[in-house]
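Input: a single structure, listed below in structure tokens.
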Amino acid sequence: MPHELPKAYDPAAIETRWAEYWVREQLFTAEASKTPDSGQPVFTLLLPPPNVTGRLHMGHMLNQTEMDIIVRWHRMRGFETLWLPGTDHAGIATQMMVERQLATEGKKRRDLGRQDFLKRVWEWKEQYGGAILEQMRRLGASVDWGREYFTMDENLSRAVREAFVRLHEEGLVYRGNYIVNWCPRCGTAISDLEVVHEETQGKLWEIRYPVAGSDEYVVVATTRPETMLGDTAVAVNPRDQRYTHLHGKKIRLPLMNREIPIILDELANPEFGTGAVKVTPAHDPNDFAAGLRHNLPQITVMDEYARMNENAGPYAGHDRFEARERIVQDLQEQGYLAGIKDHQLAIGKCQRCKTVVEPRVSMQWFVAVNKKPGHGGMSMAEAAIAVVEKGYVKFTPENYKTIYLQWMQNIHDWCISRQLWWGHRIPAWYCGDCNEITVAREEPKACKCGSTRLTQDEDVLDTWFSSGLLPFSAMEWPNTSPDLARYYPTSLLITGFDILFFWVARMTMMGCHFMNEPHRPTPLAGDVEARLRESVPFREVYIHSLVNDAEGQKMSKTKGNVVDPIETIERFGTDAVRFTLAAMAAPGTNIAFSETRTESYRAFANKIWNAARFIFMNVDRAQQDGVWSLADFAKIAPKPGEVGLPRFHTADLEDRWILSRFNRVSQEVHDALSGYRFHEAAHVVYHFFWGEFCDWYIELVKPRMMAGGNTARIAVENIVSLFEGALRLLSPFMPFITEEIWHAVYDGKPPRRSIALAAYPQADASQMSVEAETGMAILQDLIVSVRNVRAELKVEPKAKLDIEIFADDPVRNLVEQNREALARLANVNSATFVGESLAKASNSRSTARFDVRVVYEQKIDVAAELERIGKDIEKLEREQGNAQRQLGNEAFLSKAPAHVVEGIRRREGEIKILLEKARTALTELSAK
RNA sequence: GGGCGGUUAGCUCAGCUGGUUAGAGCGCCUGCCUUACAAGCAGGAGGUCGCAGGUUCGAGUCCUGCACUGCCCACCA
């Protein structure tokens with residue numbers, strides 16, 4: 001049956017079919033629960049769960065491409081591979097989406113009430129929440145769909161409660177009235193990480209605070225004048241002699257007409273401003289701490305929407321910014337305003353809605369990340385530091401290790417309660433009778449005082465609390481499970497640096513805490529150190545690049561430069577987009593995504609396609625002629641675990657050469673992927689397939705395939721073998737086109753259900769040949785030299801010309817054995833060997849190994865030729881100078897490694913010959 | 001205020017632990033519809049590796065300073 005393929009590759013015609021096939025056939029299911037121990041090495045990777053609110057963008061696409069390449073690569077090498085997918089409920093983000101939807105109906109969430117609102121969110125989640133995973137299916141991501149989870153699934157929610165309760169039992173979760181970052185629009189506390197600082201040109205207002213019972217006043221400065229209404233002290237530095245006489249005195253607070261003490265505290269920096277600072281414990285974190293030190297009252301002057309409250313006297317009811325203006329105006333009118341200065345400040349805004357964050361004292365839950373657990377050992381942060389310092393968690397690129405450690409070393413307690421409705425509700429119940437708090441895994445029947453008047457905490461947990469548990473909560477923790485036993489710790493995490501602290505750091509803390517004793521469901525063997533090492537959530541973290549637009553600008557909706565991956569895929573094909581991302585993904589660099597690159601990789605896909613068409617054409621002919629049988633070939637098809645190529649006839653130079661190159665390239669791809677150098681791996685396979693296999697091997701093999709008989713049989717068998725191997729090599733990068741063609745190679749009856757389950761080519765040193773690679777290089781050099789001269793002579797491309805060659809015996813033999821190749825690829829009629837150098841002959845080229853002359857009546861353009869040779873000489877002389885200087889240097893000879901010295905010595909010899917030839921040619925030419 | 005990165009061809013970028021002639025894609029120039037592929041084939045031009053010092057037998061690669069330029073973190077009013 002002939003292989004019929006259309007002339008141009010059309011990705012749309014095949015991709016959906018394979019994407020559906022992969023899912024339907026469940027090819028990517030990891031088998032832990034079925035086979036107790038496969039004996040295979042295990043590779044696990046957790047998909048950073050997309051938010052239910054998300055739409056696929058180029059960043060996801062890059063991340064998924066990298067993960068899929070690594071996962072497919074491992075799977076093809078025989079690893080038992082689990083790529084675990086799921087989605088994140090994304091508390092605040094999702095709640096905002098639904099609130100926005102409600103707003104279009106003119107409603108607010110409180111109009112619906114908690115129950116009905118949550119119902120709406122669930123409906124919304126069912127409708128839109130799976131978008132990214134759907135897109136991933138279409139992109140062919142080889143994840144284990146049978147294990148898909150959602151962070152609010154019952155078993156994951158149970159894990160969240162379990163973790164919270166255990167931390168509480170250990171005193172690592174506490175509740176308290178503290179100052180937190182508060183978003184007045186979202187109406188919730190947010191963590192430090194959710195506050196983004198923006199440099200803003202603001203003002204510094206200087207206010208005179210009169211000293212009680214005197215005419216004196218001190219000047220304090222503030223960027224937020226409205227907070228003065230809540231001032232409960234003025235601080236000066238105890239060492240600041242300017243204020244010694246005011247120690248123990250009181251201030252009469254303007255506008256409020258309250259007396260507040262002057263306190264002595266390091267909070268006041270004598271170097272800054274006047275050295276006196278207003279203290280507002282309820283509205284500033286530093287002041288809050290100072291307030292505790294001096295037992296100051298906390299006067300909250302704003303409500304949860306940042307409107308001034310009843311404590312704000314005449315300003316009550318006004319928005320904070322409106323109040324600010326009035327207050328400044330009043331201060332001015334009453335003569336308290338000493339000055340207004342321009343002031344650059346980093347203003348904290350809510351990451352989600354960009355509202356200016358207000359520090360606010362409120363009752364919240366925290367994780368005490370720096371506290372040592374009761375049973376001894378390290379704090380959560382210390383453990384998370386230790387595993388990275390000891391290399392149990394390894395970062396690529398390495399500089400993220402420093403960034404991670406610096407952050408972890410300065411970490412503060414983590415505020416985990418959110419005044420939201422969508423999320424995991426905090427498992428704490430308050431007694432209406434005795435005020436006791438019951439923290440429990442399941443809803444308690446009664447308080448320990450016996451009362452049944454229990455109400456659950458209204459708040460939910462920070463989304464990152466639950467995602468921090470994922471490496472084990474997605475594997476059924478706290479239960480023992482085959483998955484948890486087999487797949488934890490995960491092998492690798494690939495993610496973006498934007499969630500390094502939010503997620504990577506939290507997973508590390510949580511993993512080291514809950515997957516170590518005493519929380520681990522199955523005890524760990526080994527000493528304390530071994531247990532720590534095995535508790536990590538992942539052994540390696542690869543931080544991927546940022547995908548920018550073609551100009552290197554960050555993609556953003558407001559700039560309108562967002563490249564939609566789906567749209568790009570529709571135009572170029574998934575494989576082309578994947579290959580673009582892989583080829584540009586050098587670790588530690590950003591990607592400037594440019595469509596021209598994608599165009600060129602679409603061309604690459606087309607190249608592969610057409611190589612297949614050509615090969616199939618020859619296969620069909622060979623089968624018709626009865627010289628070759630696909631069925632026989634299928635029998636010797638490579639088995640998983642086989643390295644190199646299983647059967648390959650190394651009769652001719654080009655065969656030994658391409659086999660050698662194939663193995664070397666396999667090694668290079670392996671090395672590159674081992675270091676997550678996707679770009680390097682992609683470049684290597686690209687160049688091999690196009691620049692070597694297509695440009696040279698196919699061309700060299702053509703006449704043999706036409707020859708018929710045994711020659712054709714061997715040629716066809718070789719090219720099919722090599723091509724089949726190359727498809728496997730390419731498969732992790734371009735899964736669709738390789739799957740399609742691979743099935744076609746076997747005429748629809750492949751030895752495995754998918755190329756993704758076939759063996760990945762691994763280098764076999766015995767199949768590499770320096771002799772073949774060197775020989776081929778000389779032959780290529782010779783062919784290119786002839787083409788070169790022909791191009792300069794503007795010889796009619798079709799005209800066959802005679803050539804003369806001067807070379808030593810080994811090269812001469814090489815040429816003799818490859819006469820046909822030379823004739824065909826350089827369009828040569830006859831090649832004769834001559835006994836003396838052709839360097840000064842016209843229409844010739846010289847290399848260190850040979851001289852070649854094209855016999856042609858028309859002479860090369862003398863002036864152009866003179867210029868070319870002149871340039872060559874210049875360059876060679878420069879090089880010769882360098883080489884000779886090094887070789888004449890005793891220190892170099894004694895210190896440089898032997899192969900380097902030997903290399904330079906050899907090169908110097910070549911340069912000498914080349915220079916001699918070039919100079920002879922130059923004199924000869926000049927004479928004309 | 002701390003920390004991290006970048007500056008290499010016209011453009012966008014590679015160049016891993018210092019080592020023989022610094023690469024790719026696109027663009028550009030010349031010639032080809034050669035029976036797999038014009039999304040192709042063959043050939044070609046184009047770089048004092050930001051500047052100034054230093055270490056070394058040897059520096060695009062390591063160190064110091066400078067210039068320009070991104071990014072992250074930060075409770076100094």
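Computed from a predicted structure; not experimentally measured. Below, chains carry the letters A, B, ... as their sequence lines are ordered, and counting in each starts from 1.
Remark: A:E910 engages A:R907 in a salt bridge, criterion side-chain N to carboxylate O under 4.0 Å. The existence of a salt bridge linking A:E266 and A:R293 is excluded, since no basic side-chain nitrogen approaches an acidic carboxylate oxygen closer than 4.0 Å. A salt bridge links A:E792 with A:R845: at least one charged nitrogen is closer than 4.0 Å to a carboxylate oxygen. Between A:R571 and A:E595 a salt bridge is recorded (basic side-chain N to carboxylate O distance below 4.0 Å).
For B:G46, one of the phosphate oxygens OP1 or OP2 lies less than 4.0 angstrom from a side-chain nitrogen or oxygen of A:K871.
Under the ring pair (Phe, Tyr, Trp, His ring centres under 6.0 Å) criterion, A:F733 pairs with no residue at all, not counting sequence neighbours. Applying the side-chain hydrogen bond (donor to acceptor under 3.5 Å, both in side chains) criterion to A:R849, with sequence neighbours excluded, gives no partner residue. By the side chain to side chain contact (heavy atoms under 4.5 Å, CB included) test, A:H197 is found to be paired with A:V195, A:A346, residues two or more places apart in sequence or in another chain being considered.
The minimum heavy-atom distance linking A:A918 with A:I869 is given by the pair O-CG2, 3.5 Å.
What separates CE of A:M408 from C1' of B:A74 is a distance of 17 Å, to the nearest Å.
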Report, as a single string ordered 5' to 3', how protein heavy atoms within less than 4.0 Å touch nucleotides 2-15 of chain B: B base, S sugar-phosphate only, - not at all. -SS-------SSS-

With B for base contact, S for sugar-phosphate-only contact and - for none (protein heavy atoms under 4.0 Å), nucleotides 33-43 of chain B reads ---BBSBSSSS

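Ring-centre distance between A:F395 and A:Y400: not below the 6.0 Å cut-off. Taking the six-membered ring where the residue is Trp, the centroids of A:F678 and A:Y542 are separated by under 6.0 Å.
If you check every strand for non-hydrogen atoms under 4.0 Å, A:E796 touches nothing. Using a 4.0 Å heavy-atom cutoff across all strands shown, A:H412 reaches at least one base atom of the nucleic acid. Contact annotation for A:A346: base contact, defined as any heavy-atom pair under 4.0 Å involving a base atom.
Nearest-nucleotide positions on RNA chain B place A:I911 closer to the 5' end than the other of A:A891 and A:I911. For A:Y601 and A:V795, each mapped to the nucleotide of RNA chain B holding its nearest heavy atom, the one lying further toward the 5' end belongs to A:Y601.
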Taking Watson-Crick and G-U wobble contacts under 3.5 angstrom, with | marking pairs to another strand and [ ] crossing pairs, the secondary structure of RNA chain B is written (((((((..((((.....[...)))).(((((.......))))).....(((((..]....))))))))))))....

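Taking the P atoms as reference points, B:C72 lies 27 Å from B:A9, given to the whole Å. Rounded to the nearest Å, the gap between the C1' atom of B:A14 and that of B:A67 is 25 Å. The P atoms of B:A24 and B:G18 are separated by 24 Å, rounded to the nearest whole Å.
A donor and an acceptor atom sit less than 3.5 Å apart, one in the side chain of A:R907 and one in the base of B:U21.
In this structure, A:W609 and A:Y9 have tilted ring planes: the angle between them lies in the 30° to 60° band.
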